[in-house]
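Report on the following structure.
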Amino acid sequence: MVLHRKALESQLVSVLQGCTNLKKVKEVHAHIYRNDLHQCSYVITKLIRVLTVLHVPVESYPRLVFSQVQNPINPFLWTALVRGYALKGPLSEAFRLYASMRTEGIGPVSFMFSALFTACGAARDATLGAQVHAQTVLVGGFESDLYVNNTMINMYVKCGSLHCARKVFDEMSERDVVSWTELIVAYAKTGDMGSAQELFDGLNVKDMVAWTAMVTGYAQNAMPKKALEFFERLQNEGMEADEVTLIGAISACAQLGASKYANWIRDIAENSRFEPAKSVLVGSALIDMYSKCGNVEEAHNVFARMKQRNVFSYSSMIAGFAMHGRAHAAIELFYEMLKTETKPNHVTFLGVLTACTHAGMVEQGQRVFETMEKCYGVAPTADHYACMADLLGRAGHLEKALQLVQTMPMEPNGGVWGALLGASHIHKNPDVAEVASSHLFDLEPDNIGNYLLLSNTYASAGRWDDVSRVRKLIKEKNLRKNPGCSWVEAKNGMVHEFFADDATHPEIGEIKKALDDLMERLKGIGYQPNLSSVPYDIGDEEKKRLLMAHSEKLALAYGLLGTDPGSTIKIMKNLRICEDCHIVMCGASKITGRKIVVRDNMRFHHFLNGACSCSNFW
DNA sequence: CTAGGGTTAG
């Protein structure tokens, strides 16, 4: 009889574990009653845990179940409830439960402290966390408990008290790989990869999670080459990369933006247990990567092959279409998404709105903006207002854009004023540019781009006195111009880099000659240098010379020389492509019959047969 | 039971 009961208990627990919805749980609960097991702490603890995971408010169902236990002396039972409050709050209730448990004469246990630390961490309450910390010391016997100390480190990290976390770590008598990894991640998140690396080097037995923390850390801190180095080292150690590791590496490849790396990691992913068609995470990461590498077709291939899609997959694909100027595809996909179970979130709407912006679809964008809260329950953030300011402003409705910014329900951020400044620059409106930049100089005093946009807007209006006033400001602030830089992929996947007026490339002679030839042929079809692209008060000949030295033109010339005639020329630039270069790219695609893709710091331009996917709207 | 996670705008 006893044996039978035990078997039934563990059977019910495992059934509970597999419950994915409330209805099933309720069925099992009825079964528990029928078998007279509603006093069994083991089963009831599991029941409470499952309910919490399914986001049932602790106050309702779980508490009811708990209260039906006549003599709750099992600390696991109490802790299950406390963990529920740890996830959703309120924090005070978690502590009230802990106090009641002690009054019931139940001694403190390590996992109860862990639950309390989790609660403090989730509430970002370091003060309360420190009180629990003091409790563990006061009660005694927990100072050397590895598990308690690890959750304590985690709590301090979540609260942003890295120093306290480090102190706990330094004073621990025994540490395991979890303790180390927690700190490594904490340093990585603050951008301190030096300390992260130092800790990692001191770690004797490194497991896959620790390695992955380094891959992800370097990827998140914009050091993609380092991230990939660690990814390869991890594999050389004989460890199998899992989903999380792959995502870190894929994100690093996305940052590099080169097809060589993209195809390399794609291969690894396809041959892993987490192939993109089956893993939503890996699939979504690949969509983003291919979009950022200029290959939106391949991004869509991955998307189409995925067996399951979630809000990340859809949002990434929509944003991918948007940055490649495929606005209609983006919006179509958005409506397709609305027919599924997947609900759009704030990121989805950013993608849809940028798609409208990049295609100049003002009315469509306004409609989406107006309905996002009403119909889909997603309240616009300042970023969405930035998109709207961009949408209206670029389309030439500067007054409307300004009005929107001045009446928006939250404080405009740098993105909002920046969009307005960008639009003022395009439409050569120094008055609106002045309003926008006065805010930007407060919000982002060191962002040189804003000063340059204002100064260039003055230049386009011929207000040279104002130009030199802004120039002086830049000098006083000791700000340095970001040198323009372009890369182009050669045949073998090698990436060649060019700065403006750069003569360091070994084949610079041929490159210059190829550029001259191209210019001659362009002139034949009516090209004239766009002198207004040069914001300096200098002679026309000097302007022409500066234009010809732009890094993207050098990269284009090298692309013509160094790649197969049938292939796409892929150029990347760290700044926004200038108008003259844009015209030249259009012409070059017509004359040479080559497909040219340029990624500037804003988006992708696909040049084919004399036209650009951005419809000259950028 | 505690550690590593993806989309975003000027």
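Numbers restart at 1 for each chain; the letters A, B, ... are given by sequence-line order, proteins then strands. Worth knowing before you read on, the calculation uses all heavy atoms, side chains too, and leaves out hydrogens, waters and symmetry mates.
Regarding A:L146, its CG atom lies at a distance of 13 Å from the P atom of B:dA3, rounded to whole Å. We find that CH2 of A:W180 is positioned 19 Å from P of B:dA3, with the value rounded to whole Å. One interatomic measurement links the two molecules: CG of A:L452 to P of B:dG10, which rounds to 18 Å at whole-angstrom precision. For the pair A:W417 CH2 and B:dA9 P, the interatomic distance rounds to 21 Å; values are reported in whole Å. Rounding to whole angstrom units, CZ of residue A:R175 and P of B:dA3 are separated by 19 Å. The interatomic distance linking A:K278 (NZ) with B:dG6 (P) rounds to 24 Å, in whole Å. For the pair A:L404 CG and B:dG10 P, the computed distance is 15 Å after rounding to whole Å. A straight line from CD1 of A:I184 to P of B:dA3 spans 15 Å, rounded to a whole angstrom.
At the phosphate of B:dG10, neither OP1 nor OP2 sits under 4.0 Å from any side-chain N or O atom of A:H439. For A:Q220 and B:dG6, the shortest distance from a side-chain N or O to OP1 or OP2 is below 4.0 Å. In this structure, A:N150 does not reach the B:dA3 phosphate: none of its side-chain N or O atoms is under 4.0 Å from OP1 or OP2. Note on A:K292: a side-chain N or O is less than 4.0 Å away from OP1 or OP2 of B:dT8.
A:F349 and A:Y376 have tilted rings, their planes meeting at an angle from 30° to 60° on a 0 to 90° scale. Ring planes of A:F142 and A:F113: perpendicular class, angle over 60° (limits at 30 and 60°). Classification of the A:Y261-A:W264 ring pair by plane angle, with boundaries at 30° and 60°, yields perpendicular.
Nucleic acid contact class of A:V280 (heavy atoms, under 4.0 Å, all strands): base. Note on A:T151: only backbone sugar-phosphate atoms sit closer than 4.0 angstrom, heavy atoms only; bases stay farther off. Residue A:T245 is in base contact, counting any heavy-atom pair closer than 4.0 Å across all strands shown. Looking at heavy-atom distances under 4.0 Å, A:S114 makes no contact with the nucleic acid at all. Residue contacts shown for A:I287 are absent, as no nucleic acid heavy atom lies under 4.0 Å away. At the heavy-atom level, A:D145 lies nowhere under 4.0 Å from the strands shown. A:M214 comes within contact range of no nucleotide atom at all, as no heavy-atom separation falls under 4.0 Å. If you check every strand for non-hydrogen atoms under 4.0 Å, A:D207 touches a base. The residue A:G414 sits close to a base: some heavy atom pair falls under 4.0 Å. Here A:V185 lies in heavy-atom contact (under 4.0 Å) with sugar-phosphate atoms only.
Residue A:D242 places a side-chain atom within donor-acceptor reach of the base of B:dG4, judged by atom type and a 3.5 Å distance cut-off alone. Side-chain atoms of A:E243 stay outside donor-acceptor range of the base of B:dG4, with no qualifying N/O pair under 3.5 Å.
Taking every side-chain heavy atom of A:L350 into account, B:dA9 is the closest of B:dA9, B:dA3, B:dG6. The side chain of A:R394 approaches B:dG10 more closely than any other nucleotide in the set B:dG10, B:dT7, B:dA3. Comparing B:dG6, B:dT7, B:dA3 against the side chain of A:S316 picks out B:dT7 as the nearest. For A:D383, the side-chain atoms get nearest to B:dA9 when compared with the rest of B:dA9, B:dG10, B:dG6. Relative to the side chain of A:S315, the nucleotides B:dT7, B:dG4, B:dA9 differ in distance, and B:dT7 lies closest. The nucleotide whose nearest atom lies closest to any side-chain atom of A:N345 is, among B:dT7, B:dA9, B:dG4, B:dT7. Residue A:T181 places its side chain closer to B:dA3 than to any other of B:dA3, B:dG6, B:dG10. Taking the side chain of A:N450 as heavy atoms from C-beta on, and the options B:dT8, B:dG10, B:dG6, the nearest nucleotide is B:dG10. Side chain of A:V178, nearest nucleotide from B:dC1, B:dA9, B:dA3: B:dA3. Of the candidate nucleotides B:dC1, B:dT8, B:dA3, B:dC1 has the atom lying nearest to any side-chain atom of A:F111.
Defined by atom type and a distance below 3.5 Å, a donor-acceptor pair is present between the side-chain atoms of A:Q197 and A:D201. Side-chain polar atoms of A:D288 and A:S291 form no donor-acceptor pair below 3.5 angstrom. Between the side chains of A:Y98 and A:Q135, at least one donor N or O sits under 3.5 Å from an acceptor N or O.
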Sequence neighbours excluded and cut-off under 3.5 Å, please list the side-chain donor-acceptor pairs for residues 408-421 of chain A, or say none.
unit_1 : atom_1 : unit_2 : atom_2 : d
A:N413 : OD1    : A:G415 : N      : 3.1
A:N413 : OD1    : A:V416 : N      : 3.0
A:N413 : ND2    : A:D383 : OD1    : 3.4

